[in-house]
Colleague: 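Here it is: the structure, laid out below.
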Amino acid sequence: MRIELSGLSRAQAQVLVVAVAGQQVDAHTAAILWARTEGNPFFLREMVGLLVSEQRLDEPAAAPVPVPVRDVVLRRVNRLPRDAVAVLSVAAIAGRHFCVDVVADAAAVDVEAALEAIDAAAAAGLVVENEQRLGWFSFTHALVAEALYTATGRLRGIRMHRRIAVAAARAWAGDDERAAEIARHWSLAAELDQATTEQAAGYAAAAARVADARLAPEDAAARWRQALDAAELAGNRVDCYPLLLALATSLYRAGHLQEGLPVFVHAMEQALDRDEPTRLITAALGAMGESNWYPVSYGVVDEGLVNVLDRALARLADPTQRALALSCLAAARYYDDSPLRRAPQSDEALTLARGLADDLCLAHVLRLRAMALRTPDYPMQCLAAATELLGLPGLPPRVVAGARLLRADSLVILGRVPEAATEVELAAPLVAQLRSAPLQTQLGWARASLLLLAGRWSQADARICATFDLHAPTRRFTALATRVAHRWEMAFLTGTGGDLIDDLRAAIDTTGVTALHSILAMALGVRRGDTVALMLSNRPEFFWVDVAAMHLGATTFGIYNTFAQEQLEYVLRDAGAAVAITEQAFAPTLQRARQACPLLTHLVSVDGGQGMLSLEEVDAAGDPGFALSSIWPVADQNDVVTLIYTSGTTGPPKGVQLTHAGVIGNARALHEAIPAYRAGFSAVSYLPLAHASARVMEHYYGLLLGGTLTCCPDLKDLGTALVETRPTWLFGPPRMWEKLQASVTAAVTVEADDQRRQAIEGAIETGLRLVRAQQTGEQPSAALLADYERADALVLSACGRVWGWAALRPERSEPPRFPPR
């Protein structure tokens with residue numbers, strides 16, 4: 001008596017796989033192993049053991065049949081009669097599921113003999129009959145078929161594939177459902193000889209056409225690839241051009257534009273090399289696609305496509321071909337950010353097309369014109385092109401649907417939303433009929449946008465999610481970027497844009513889509529009353545950001561680069577900063593601070609950095625039509641222009657508020673008191689920009705009085721900066737002058753020439769005597785003045801030129817009066 005034991009369930013199989021592997025195994029891998037073994041515990045153990053030993057647990061579908069499994073299967077098979085083994089070996093090459101008529105024909109036995117062999121295999125538990133399809137049988141386990149297949153030599157197996165292909169073609173002639181199976185066997189035998197190769201290409205192409213007719217572009221692409229592989233084996237005996245076009249077209253229809261475009265370009269190159277302009281233009285039109293999507297990654301210009309079109313134009317004289325090539329080139333350059341370059345090409349193409357009595361050429365030119373000019377710069381031209389296109393007779397449904405969606409885009413840009421909604425709904429039944437993944441996705445995004453504009457938030461969100469699910473399998477990064485852009489639109493309209501900052505950052509890091517930076521910059525939107533932290537070294541970007549924030553009515557404050565983590569977090573919380581501008585050197589510190597500062601949601605780096613928006617991207621996101629006059633009056637004289645925090649050496653840092661009026665008042669006083677501090681002065685800015693004097697004495701006064709600042713990030717480089725810039729003004733706290741005096745003293749001390757050293761020391765002493773007299777209010781004697789003029793002419797001026805002080809002069813304004821010592 002024999003007891004039939006069923007295999008393990010999927011869940012049980014996963015438990016066993018984990019136990020045998022000794023590690024966690026994902027559900028997908030376990031499911032493949034279960035399918036290959038039908039849950040047979042022995043097969044499962046051996047398969048997992050093999051994969052673990054070869055460190056290929058992530059390749060469950062590609063693993064060979066384990067030797068112990070193969071031996072067990074073959075022992076069971078070899079117990080059968082010899083004729084049954086022969087038939088079963090042919091059946092294994094036919095596939096796990098096989099037709100007895102085809103197997104009998106290929107094995108050169110009659111059907112009755114084949115059935116007797118199969119009955120013997122069924123009695124041994126190796127084969128079962130299919131209850132739904134008469135004459136069909138299946139191996140009980142996939143590994144049984146695989147074990148038998150691998151036991152057949154490679155040449156014998158390939159020859160048997162050809163016999164099965166011939167038998168299948170006879171048995172299933174006219175049966176479209178079996179076209180792919182016939183093609184598969186011909187393809188597996190293709191390397192035998194030229195005749196078989198040509199048959200393989202022909203049958204694969206036939207199967208691809210069947211898939212195309214069923215509107216199954218994924219299947220069609222697989223079959224066209226089979227046909228192309230076989231054709232390349234045949235060499236010049238098979239024309240590869242139509243196969244290239246068909247493969248690329250199927251890839252496009254399946255939504256795989258980035259895979260299809262190189263195939264189209266290959267076909268174009270082939271046609272250009274063979275001087276076949278008609279074929280080249282056909283491939284170029286195919287490359288631009290049947291939908292409104294550009295066949296490239298977002299923001300990328302495909303140089304291969306542009307290059308071959310440029311070279312083709314140099315050879316094309318026929319006006320129809322030139323018009324089409326120019327139209328394709330204009331659309332291919334869509335992402336070059338130069339509509340002024342694309343528009344003339346499109347204009348020239350349209351002029352050529354209008355001079356021809358060729359509606360098909362005009363239709364192509366108009367559609368490509370609408371694609372090339374689909375920007376806010378040319379909404380009227382885009383709308384006119386799509387409208388004229390729809391007026392042409394005999395357009396295929398795919399073109400009509402695409403034209404209506406193009407019209408809808410332009411109408412939305414022009415604010416004619418109800419008309420756009422009408423166009424979208426007119427396109428909907430055509431898109432449903434065509435079952436085109438790209439058009440279905442474009443329709444979904446268009447509907448989502450219209451729902452957002454109508455304020456129907458929940459319906460819009462549902463449409464966004466559904467369209468993303470449709471879009472993601474074909475172009476995941478583009479789908480992710482589009483979903484985030486739509487969610488931002490909804491958040492912006494509902495006033496919740498700040499909630500999407502993290503999602504926007506994640507999408508930027510994942511997709512690399514630069515347009516999302518513009519959205520993030522909008523989400524960062526600094527407004528009047530906001531506080532912006534600046535943690536930067538002494539560099540020009542500090543001043544740019546400070547002025548920009550000032551004109552928006554925001555308040556900035558500098559952070560000492562030497563602040564400890566707790567001091568940094570304290571001032572961020574105290575100031576209520578929501579935005580911080582920094583550089584890579586300090587980015588980790590600020591990123592840690594975000595954990596303790598819930599209001600700090602936005603980090604911008606002036607020199608880039610992972611997970612942060614760069615200053616260049618913020619600048620690029622600006623409105624080209626922005627006018628400073630439209631926003632500068634937002635700041636009031638009593639608004640706080642900056643916060644100055646103390647160093648924190650005597651407790652928590654204290655914040656001092658400086659208003660616009662206060663800064664201007666101090667500047668006027670300084671202007672009156674110090675004649676050298678006038679328009680045209682130059683200075684070196686070297687102090688930390690969190691320092692009150694650096695902000696006020698250099699930056700703000702420089703803005704008001706028209707001075708020039710040179711940034712010196714490191715105090716050690718101050719001497720070099722003085723030599724290179726020769727400033728007219730140098731401000732510093734006492735400690736800086738002490739360091740400067742020490743460096744001068746050191747330089748004089750090491751002077752090797754005793755006479756020169758003594759001359760310099762004497763000149764300095766004369767200068768000091770004059771300064772002391774001025775500080776105490778004494779009138780310098782004529783002799784002292786004469787000594788100083790001589791020392792200045794002979795020594796001090798020369799030193800000033802060497803050390804960069806030549807343009808500096810002591811102030812001649814009325815000095816303060818100090819009592820004599």
Side-chain angles (χ1 to χ4, degrees), residues 264-265 268 271-272 275-296 301-303 305-396 398-411 413-414 416 423:
F264 272 124
V265 172
M268 292 167 67
L272 189 63
D275 196 20
E276 298 173 328
T278 301
R279 281 190 160 191
L280 187 144
I281 294 300
T282 301
L285 291 171
M288 298 320 301
E290 298 172 328
S291 71
N292 303 330
W293 270 350
Y294 299 93
V296 291
V301 174
D302 189 277
E303 295 300 335
L305 176 61
V306 169
N307 179 269
V308 71
L309 285 168
D310 272 332
R311 287 186 286 128
L313 273 169
R315 302 187 191 180
L316 296 175
D318 179 80
T320 300
Q321 293 173 347
R322 282 195 63 81
L324 294 172
L326 281 165
S327 296
C328 290
L329 185 57
R333 284 178 168 150
Y334 181 78
Y335 286 120
D336 68 357
D337 293 328
S338 179
L340 294 178
R341 183 181 182 183
R342 299 192 302 273
Q345 291 174 334
S346 182
D347 291 344
E348 182 183 348
L350 188 60
T351 301
L352 287 170
R354 291 197 191 286
L356 305 167
D358 188 340
D359 283 347
L360 180 59
C361 173
L362 182 58
H364 285 306
V365 169
L366 288 169
R367 187 179 78 85
L368 292 169
R369 178 177 177 80
M371 288 178 61
L373 303 183
R374 188 169 58 171
T375 69
D377 304 284
Y378 296 99
M380 294 302 298
Q381 292 88 335
C382 181
L383 178 63
T387 302
E388 185 178 353
L389 174 59
L390 287 169
L392 295 177
L395 294 177
R398 193 180 298 273
V399 175
V400 174
R404 293 207 177 280
L405 292 174
L406 285 168
R407 259 183 62 83
D409 279 352
S410 299
L411 288 167
I413 292 173
L414 292 167
R416 295 156 62 179
E423 290 295 335

Colleague: Where is the tightest heavy-atom contact between Leu373 and Ser346, given as atom of each residue plus distance?
Modeller: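 Looking at all heavy atoms of both residues, the shortest contact is CD1-OG, 4.4 Å.
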
Colleague: Using every non-hydrogen atom in the two residues, find where Ala323 and Cys361 come nearest and quote the distance to one decimal.
Modeller: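 Heavy atoms of Ala323 and Cys361 come nearest at CB-SG, 4.3 Å.
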
Colleague: In Å, rounded to the nearest 0.5 Å, how long is the span from CZ of Arg342 to CZ of Arg374?
Modeller: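 Answer rounded to 0.5 Å: 11.0 Å.
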
Colleague: Is there a side-chain contact between Asp302 and Val306 (heavy atoms, below 4.5 Å)?
Modeller: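 Side-chain contact under 4.5 Å: no.
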
Colleague: Locate the shortest heavy-atom distance separating Leu326 from Leu352; write the atom from each residue and the value.
Modeller: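 Answer, listing the atom of Leu326 first, then Leu352: CD1-CD1, 4.1 Å.
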
Colleague: Taking atom CG of Leu350 and atom OG of Ser327, what is their separation to the nearest 0.5 Å?
Modeller: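 With rounding to 0.5 Å, CG (Leu350) is 8.0 Å from OG (Ser327).
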
Colleague: Output, in order, the C-alpha distance, side-chain angles, deciding distance and verdict of salt bridge (Lys or Arg N to Asp or Glu O under 4.0 Å) for Arg404 and Asp409.
Modeller: CA-CA 9 Å; Arg404 293 207 177 280; Asp409 279 352; over 6 Å; no

Colleague: Measure the spacing between CG of Leu406 and CG of Leu389 and express it to the nearest 0.5 Å.
Modeller: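 So the gap between those two atoms works out to 8.0 Å.
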
Colleague: Check the side chains of Arg407 and Thr387 for a donor-acceptor pair under 3.5 angstrom, ignoring hydrogens and angles.
Modeller: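 Note: Thr387 and Arg407 side chains meet the donor-acceptor criterion.
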
Colleague: Where is the tightest heavy-atom contact between Leu395 and Leu390, given as atom of each residue plus distance?
Modeller: CD1-CA, 4.1 Å

Colleague: Kindly compute the distance separating NE2 (His364) from CD1 (Ile281), expressed to the nearest 0.5 Å.
Modeller: 10.5 Å

Colleague: Which pairs with one or both residues in residues 315-325 pass side-chain hydrogen bond (donor to acceptor under 3.5 Å, both in side chains), sequence neighbours excluded?
Modeller: none

Colleague: Salt bridge between Glu388 and Arg354, side-chain N to carboxylate O under 4.0 Å?
Modeller: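 Salt bridge flag = yes for Arg354 with Glu388.
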
Colleague: Quick check: closest heavy atoms across Met371 and Met288, and the distance to 0.1 Å?
Modeller: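 Nearest pair, atom of Met371 first, then Met288: CE-O, 4.0 Å.
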
Colleague: Any chance you could measure Leu316, atom CG, to Leu324, atom CG, to the nearest 0.5 Å?
Modeller: 9.5 Å

Colleague: So do the side chains of Leu309 and Met268 get within less than 4.5 Å of each other, counting heavy atoms only?
Modeller: yes

Colleague: About how many Å separate CG of Leu285 and CZ of Phe264, when rounded to the nearest 0.5 Å?
Modeller: 9.5 Å

Colleague: How close do Gln345 and Ala330 get, heavy atom to heavy atom, and via which atoms?
Modeller: OE1-CA, 3.6 Å

